[in-house]
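Written out below as structure tokens is the structure these notes cover.
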Amino acid sequence: MAKRAFITGVSGQDGSYLSELLLEKGYEVHGMVRRSPTDSFELIDHLRGQITLHQGDLLDQSSLTEALRESRPDEIYNLAATSFVGSSWAQPALTAELSAVGVTRMLEAMHETCPEARFYQASSSEMYGMAREVPQTEGTPFYPRSPYGAAKAYGHFITVNYRESYDLFTTSGILFNHESPRRGIDFVTRKITWHAAAIKLGKAQKLALGSLDAERDWGYAKDYVEAMWLMLQQETPSDYVIATNERHSVRECVEVAFDEAGLGEWEQYVELDPQFVRPAEVVELVGDYSKAESELGWKPTTSFDELIRLMVRSDIDLLQA
Ligand code: GDR
């Protein structure tokens with residue numbers, strides 16, 4: 001019989017790639033959406049008819065219990081959250097409701113309706129914030145620097161706690177930044193690749209950024225959803241850092257993107273705008289994925305340069321269509 005998976009945040013970047021991966025593997029895929037399941041969801045509309053959507057909200061306990069009762073999953077992937085770090089200062093309590101308490105609600109729903117299921121929690125490198133050591137491993141202490149990071153740290157610890165308190169199969173994937181052509185336009189890589197494409201095609205003139213010096217460990221989302229699945233196929237549940245162990249700056253991202261678009265000197269198009277600067281920044285985030293490599297057999301397959309170039313080409317195609 002086909003395995004059943006339940007994905008919250010199914011209509012986002014990771015949810016859409018994970019759905020495709022699980023369908024390829026023969027899973028019956030169920031997803032949770034906040035709006036009506038009959039609405040359009042850009043990133044998963046091509047999967048209509050192949051996945052079953054349930055209406056539910058991480059703010060609403062009974063909707064989660066009901067969605068799990070209906071879908072009876074073997075595997076649960078909790079990807080739903082507010083994903084834009086910058087907005088978490090404007091909506092700190094909502095961020096906590098969704099990304100912190102929301103995890104408890106999902107775990108409670110699982111504990112009540114399907115305790116035999118396996119649970120994946122989408123944790124984040126933002127939990128390391130003001131990093132205590134470089135590179136970061138599963139053992140590095142957390143020091144979040146945003147309401148987003150603080151909420152994710154709670155989500156991580158409650159996931160570990162349900163494993164230890166109730167012997168549930170719960171895992172936390174500490175994912176560093178992961179990008180793709182499906183990345184939202186507010187995130188810095190996609191903002192840059194979209195603008196490079198738009199400037200190339202004469203549809204935009206300038207690109208306004210908060211800073212060129214910020215650095216991140218950026219990987220390809222398609223590689224990262226594979227790691228989520230692998231974590232739930234192990235004999236014993238554990239937590240894993242998923243990263244590339246390489247750090248690149250926003251400036252390098254701009255250089256590669258404008259080069260791929262054939263635009264020459266990028267300096268003439270880029271301006272700095274303080275509205276995109278955050279009240280507190282994270283520093284020296286770079287992940288050591290050696291535990292994932294030795295236990296899951298996982299490693300990143302797409303370099304930073306390839307990733308940014310494929311995103312620019314995709315944005316050029318999108319804007320030409
Ligand atoms: P991040 O991603 O906050 O790391 O979170 P984002 O792409 O938003 O920022 C990366 C870095 O770029 C700097 N930056 C800018 N960022 C944006 N968005 N816009 C700008 O104009 C700009 N200029 C400079 C930021 O300050 C930051 O340093 C992502 C999300 O996917 C989270 O959900 C996830 O948990 C983490 O990655 C891992």
Side-chain angles (χ1 to χ4, degrees), residues 8-9 12-15 17 78-91 95 98-100 102-103 121-131 135-136 142 144-156 172-180 182-196 204 206-221 223-225 227-228 240-244 247-254 257 266 269-287 289 300 304 307-308 311:
T8 73
Q13 169 187 268
D14 293 3
Y17 283 124
N78 187 36
L79 312 185
T82 51
S83 62
F84 190 52
V85 177
S87 304
S88 73
W89 279 275
Q91 298 191 314
T95 300
L98 290 165
S99 303
V103 185
Q121 168 58 20
S123 293
S124 162
S125 52
E126 278 290 308
M127 302 187 301
Y128 297 120
M130 182 82 89
Q136 293 86 46
F142 300 146
R145 291 267 286 168
S146 59
Y148 172 95
K152 281 287 181 183
Y154 173 95
H156 168 85
S172 169
I174 307 174
L175 270 54
F176 283 62
N177 298 51
H178 44 288
E179 319 296 307
S180 76
R182 298 184 192 173
R183 192 53 145 153
I185 197 84
D186 282 335
F187 296 90
V188 78
T189 55
R190 181 78 198 289
K191 184 174 174 182
I192 292 168
T193 63
W194 187 91
H195 278 86
K206 291 280 179 203
L207 163 60
L209 291 169
S211 128
L212 290 164
D213 300 321
E215 293 185 331
R216 285 293 188 283
D217 177 332
W218 276 296
Y220 186 24
D223 289 345
Y224 286 37
V225 299
M228 297 177 186
Y240 296 90
V241 164
I242 302 300
T244 70
R247 217 158 74 195
H248 297 274
S249 64
V250 171
R251 180 179 287 98
E252 280 176 79
C253 180
V254 172
W266 58 267
Y269 305 109
V270 175
E271 54 195 26
L272 294 180
D273 184 335
Q275 71 162 304
F276 300 114
V277 177
R278 297 177 184 176
E281 256 297 356
V282 305
V283 286
E284 300 194 280
L285 285 194
V286 58
Y289 62 88
F304 173 74
L307 170 65
I308 300 305
M311 287 172 67

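Every number for a ligand or one of its atoms is a count from 1 in the order of the listing.
Formation of a donor-acceptor pair under 3.5 Å by the Thr8 side chain with backbone atoms of Leu79 is found in this model. In terms of modelled atom types and a separation under 3.5 Å, the side chain of Glu126 and the main chain of Val282 share no donor-acceptor contact. Remark: side-chain polar atoms of Asp217 are paired, donor with acceptor, to backbone N or O of Gly287 under 3.5 angstrom.
Here the protein heavy atom with the shortest distance to atom 27 (C) of ligand 1 is Arg216 NH2, 3.1 Å. Among all non-hydrogen protein atoms, the one lying nearest atom 23 (N) of ligand 1 is Gly210 N, 2.9 Å.
Contact atoms of ligand 1 toward Phe84: 8 (O), 18 (N) (distance under 4.0 Å to a heavy atom of the residue). Numbered from 1 in the order shown, with element, the atoms of ligand 1 that lie under 4.0 Å from a heavy atom of Val85 read 3 (O), 5 (O). Residue Val250 has at least one heavy-atom neighbour below 4.0 Å for each of these atoms of ligand 1: 12 (O). Every atom of ligand 1 is numbered from 1 in the order shown, and the set under 4.0 Å from a heavy atom of Ala214 is 13 (C), 28 (O). Listed by number with element, the atoms of ligand 1 under 4.0 Å from a non-hydrogen atom of Ser125 are 38 (C). Every atom of ligand 1 is numbered from 1 in the order shown, and the set under 4.0 Å from a heavy atom of Ser124 is 34 (C), 35 (O), 36 (C), 38 (C). Applying the 4.0 Å criterion to heavy atoms of Tyr148 picks out, from ligand 1, the atoms 32 (C), 33 (O), 34 (C), 35 (O). Short contacts between ligand 1 and Leu175, defined as distances under 4.0 Å to a heavy atom of the residue, involve ligand atoms 38 (C).
Counting heavy atoms closer than 4.0 Å to ligand 1, residue Asp186 contributes backbone atoms (N, CA, C, O) but none from C-beta onward. Counting heavy atoms under 4.0 Å from ligand 1, residue His178 does not touch it at all. The proximity of Ser83 to ligand 1, defined as any non-hydrogen pair under 4.0 Å, involves the side chain as well as the backbone. At a 4.0 Å heavy-atom cut-off, ligand 1 touches Arg278 through the side chain alone. Heavy atoms of Glu179 found under 4.0 angstrom from ligand 1: none, in either backbone or side chain.
For Ser123 and Ser172, the side-chain atoms include at least one donor-acceptor pair closer than 3.5 Å.
With rounding to the nearest 0.5 Å, the separation of CD in Glu179 from CG in Leu307 is 6.5 Å.
Taking all heavy atoms of Ile192, Asn177, Thr82, Val283 into account, the minimum distance to atom 2 (O) of ligand 1 is reached by Asn177. Comparing heavy-atom distances from atom 20 (C) of ligand 1 across Arg183, Arg190, Glu126, Lys191 singles out Lys191 as nearest.
Side chains of Arg251 and Val254 form no contact here, defined as non-hydrogen atoms less than 4.5 Å apart. Contact annotation: the side chain of Glu284 approaches that of Arg247 to within less than 4.5 Å [non-hydrogen atoms, C-beta and beyond]. Between Ile308 and Ile192 there is no side-chain heavy-atom pair separated by less than 4.5 Å. Using a 4.5 Å heavy-atom threshold, the side chains of Asp186 and Lys191 count as separate.
Contact between Ala196 and Ala257 at its shortest, heavy atoms only, is CB-O, 3.9 Å. Residues Thr82 and Tyr148 approach most closely at O-CE1, 3.0 Å, considering heavy atoms. Nearest approach of Thr189 to Trp218, heavy atoms of both residues: CG2-NE1, 3.4 Å.
Under the 4.0 angstrom criterion for non-hydrogen atoms, Gln13 is not in contact with ligand 1. Residue Ser211 places a heavy atom less than 4.0 Å from ligand 1. Within the structure, the closest approach of Leu212 to ligand 1 does not fall below 4.0 Å when heavy atoms are considered.
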Might you work through the side-chain contact (heavy atoms from CB on, under 4.5 Å) test for Glu215 and Leu285, ending with a clear yes or no? CA-CA 7 Å; Glu215 293 185 331; Leu285 285 194; over 6 Å; no
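Between Phe187 and Phe84, the angle of the ring planes goes over 60°, which puts this pair in the perpendicular group of the 30/60° scheme.
Not one N or O of Leu209 is nearer than 3.5 Å to an N or O of ligand 1, by distance alone. Below 3.5 Å of separation, one finds an N or O of Val188 facing an N or O of ligand 1. Geometrically, ligand 1 and Glu281 share a nitrogen or oxygen pair separated by less than 3.5 Å. When only interatomic distances are considered, the shortest N/O to N/O separation between Thr189 and ligand 1 does not fall below 3.5 Å.
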